[in-house]
Amino acid sequence: MLSLALLTLKARKGGFVGTFVALLLGAAVLSACGILLESGIRAGSSAERFAAADVVVAGRQEVELTFKDLDGSTVNESQPLPERIPLRASSADRITGVDGAEKVIADVGAPVRLVTGAGRPVPGHHGAGVEAHNWSSLGLGDFRLTIGHAPRAAGEIVLDTELAAQADVRPGDDIRLMSTSVPRTFQVAGLVALKDGGAPRRSVVFLADATLRQSVPEASVQAFGVLAAPGVSPHRLADAIRSALHDDTLAVHTGEGRGRAEFLDVTVSGSNLVVLAAAIGGNVLLVAVFVLYATTSLSIRHRRREIALLRAIGTTPGQIRRMVAAEAAATGLLAGVIGCPAGLLLVYWLRDRFAGHGIVPSDFGLALSPLPFLAAVLVTVLTALVAVLSAAHRATRIRPTEALGEAAVETPGLGRGRRITGGALLVLSAGIFVTGLAQDADFFTLVGLANSLVLVLVVAVAVLGPLVSRTAVGLLAPLLNRTGVTGYLAAANTRANVARLAGAITPLVLAVSFSSTVVFAQTTGLRESADQLRAGLVADHVLTAPSGVSPELAQKVRDMKQVASATGLVRSKVVAMGRMLGAQESVSLSAQGVDPRALGSALDLRPREGNMKALSRDTVAISTTTASWLGLGVGDTARLHLGDGTPLRAKVVAVYERGFGFTDVTVDHDLLLAHTTGKVDESVLVRSASSAPDLTQALSHLAAAYPGTVLRDGLAVDDQLAEQRANAWVNYLVVGVIIAYTAITVVNTLAMSTAARRREFALLRLSGTARGQVVGMMRRESVIVIAAGVGIGTLLSAFPLVLVSMAVSGTPVPAVPGLGYLAIAGATAALAAAGTMLPTRMLLRIRPVEAIGAKE
């Protein structure tokens, strides 16, 4: 069978091109997703400040939640923590007592901002912030003093060489340092650099230990570096420290793990990348199965006479299945081997796009190993096998005595199994939609139902393809009959070949319905978020800065006579236990901290129930979305973990509606601020008093004392929606893959269907039909395919989009930009037209007498 399969591949190269290209694209995307997945799991960067430490003890930057699964089993699930976990200084004594630990050095630090004497903020490396650390921690790292001396006096500071070049300072010059207060002036005592001469990944300054505690009071112990005694291996020391500490909130690192402890942004973005890679890969695999099934079904249908002949001469169904399986395996293996190098190019492009949208750092390193490539090849081969065996199931089960008759005509109607399956899927779809309408207050249930609904509907259309095609032809064929001879021929052909028509319509339905659902779900969410932002911000002025606003600025603004109310706005994340469709899962929620006195005056979250003014350090307000996900209401107790892992048990005092525009959870400003890494506000919202002369000038003068702070009339909507736009971009990427697969399927399907009609074209021309009439016939047939595919796809997407819109805005009308819909429908129509008309014109160049005698 293998030799026969290889001969078939050689003889029918054109018929396998579409399948091969689809598999190649799938292998490329899957290998790229595999690399991203592995990179997210192994996320890290070479240690710099901890390079000389044998063992590093830091906070475990994740929280683990335990819950019951639907089957009653216990599940442990982790969520990354975005804020650095501070350590207790007393832990150093316990580590020092561990056998094999020669020296323990505490790394104390905090994010700071540098300002030149002229008031110009100094950006850190790669545009990131600057960190201040204690001078005694220098011995833990790979830094060396290149010029000057260590910081001795209270007013001295040491910079890394690249940062000094950015600020254009050298030893003896002055520079200002700002943390959570106004800038203080320091004299540059010296410069440090990495021992290899390269620039550090994160810009750093060093202060004397006592000076750091006085000048940067928010600095905390970030890690402990441990130097091993002579003859003690790092791994042995690490095991001893774990046993001595016996603390689940601490993580003990050696080797590459030291870099993960040092660079929090890499660790957090790696966790996010794992989720994104799995989501993209899963969607691609799902679409690939649909596409390959449609492509291989068409290929098998065109080989009915070949299979019939094999059955007639005694070939068993098992032998035929083995033959087509060998063909699929050979095609999948070749496509996988060629597609993986393309995936290597794709993954670097994806990494750069992710970095551009702030999902990963710009210097995020990729972990390359053979595993993703091997997995991509294996999945590609298995996908090809599943698709071809499913498509060939019926063709291989016909009896030898019926083989030639079965091959001679197209099978009329649908089999009983397909009718029952299709009907069951339609009933299930109706049930999902009705359930969604009945659950209009539960956001996450609605979104989950919408995602399930579009999938079930597309599968139903694929199963009932011939019936759907016959219905479409019944509606459109009478219109074609009115367009003359060519229209009559097109209508007759489509009536006689509904199965062939279904093979062309199904991928169009897939493209339009999936793409419309994904894209317009995002536009609906973004529209609602923007509307809520504009309506909820009732402040007259906003003070903001790229690297954060000092918290004391809000208090100074609040004390101004021209100000009615003001609040600092700080943002972070919290972790909670949610429930969707009956199953529990850990969730990461956006959180904001505000002064309760400013709610309603500077910030209006539109409370649905409860009292927002009752917000305090032991209470919390949640959005309607969060209330549905967590199953909480006013008076209930919310069990949360703040961004640094600190547990919070707080009473829910209000539920508000504008969570999409702002955040899922709102807590007391000072509470949330204390549990962030930077200890700075994102902005300050100001509501002027009824009579506020010269407030703008006064605010500008006050902001000038905090370099980098600017005065605006409102929050920049694009900046506030940056995270949502990044998530939307990921979904648009999935749509791009769907469109690419659709292009392959549609062009291949229609081209193969058209190429199989060369004898039909020749017969028409020999009987007197003009070449232009044949072209006109095919053009009208393509109109039926396009109208049916785009129309049905649009109809199928309407139902899930109604559920999404109900979930987001409470109305059944989604946000569907006209140009966006035209782009999806137009691209799909153009592909269908090209797949039909280009092969038609090529076939019509062949003389009819040659085409009529050509072999299949």
Side-chain angles (χ1 to χ4, degrees), residues 5 9 16-43 270-296 299 324-355 359-360 364-391 507 510 514 730-745 748:
L9 288 174
F16 288 96
V17 167
T19 303
F20 175 78
V21 175
L23 288 170
L24 188 147
L25 177 61
V29 176
L30 290 174
S31 61
C33 290
I35 295 172
L36 292 175
L37 185 66
E38 183 179 13
S39 300
I41 295 173
R42 296 171 52 190
S271 300
N272 296 331
L273 197 60
V274 169
V275 177
L276 291 177
I280 295 173
N283 279 281
V284 168
L285 188 59
L286 178 65
V287 174
V289 171
F290 276 109
V291 166
L292 290 169
Y293 178 79
T295 303
T296 52
S299 177
V324 296
E327 294 169 3
T331 306
L333 181 61
L334 181 60
V337 171
I338 298 177
C340 286
L344 188 60
L345 298 176
L346 177 63
V347 74
Y348 281 100
W349 181 86
L350 286 174
R351 192 273 308 273
D352 293 342
R353 302 290 82 74
F354 284 141
I359 298 174
V360 299
F364 186 88
L366 296 175
L368 300 178
S369 75
L371 186 60
F373 300 109
L374 294 175
V377 172
L378 179 61
V379 171
T380 302
V381 172
L382 290 177
T383 303
L385 288 173
V386 169
V388 76
L389 290 177
S390 300
L510 170 69
F514 264 80
V730 174
N731 286 289
Y732 297 156
L733 177 65
V734 174
V735 170
V737 174
I738 294 173
I739 294 294
Y741 264 121
T742 303
I744 295 169
T745 307
N748 181 66

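The shown structure was predicted, so the numbers you read here are calculated from the model rather than taken from an experiment.
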Going by atom type alone, with no hydrogens or angles, which donor-acceptor pairs under 3.5 Å involve a side-chain atom of residues 23-32 and a protein atom two or more places apart or on another chain?
from	atom 1	to	atom 2	distance (Å)
Ser31	OG	Ala27	O	2.9
Ser31	OG	Ala28	O	2.9

N/O donor to acceptor pairs below 3.5 angstrom from side-chain atoms of residues 371-387, sequence neighbours left out:
from	atom 1	to	atom 2	distance (Å)
Thr380	OG1	Ala376	O	2.6
Thr383	OG1	Val379	O	2.7

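Across all non-hydrogen atoms, the minimal contact from Ile35 to Leu344 is CD1-CD1, 4.1 Å. Summarising the geometry of Phe354 relative to Leu276, their closest heavy-atom pair is CE2-CD1, 4.2 Å, with the distance given to 0.1 Å. Nearest heavy atoms, Ala277 versus Cys33: CB-O, 3.6 Å.
Of the options Val274, Val275, Leu273, a side chain to side chain contact (heavy atoms under 4.5 Å, CB included) to Leu37 is made by Val274 and by none of the others.
Pairs of residues two or more places apart, or lying in two chains, that qualify as side-chain hydrogen bond (donor to acceptor under 3.5 Å, both in side chains) and include a residue from residues 368-377 are Glu38-Ser369.
Between Leu366 and Arg351 the shortest side-chain heavy-atom distance falls below 4.5 Å.
Between the CG atom of Leu36 and the CZ atom of Phe364 there is a distance of 8.0 Å, given to the nearest 0.5 Å.
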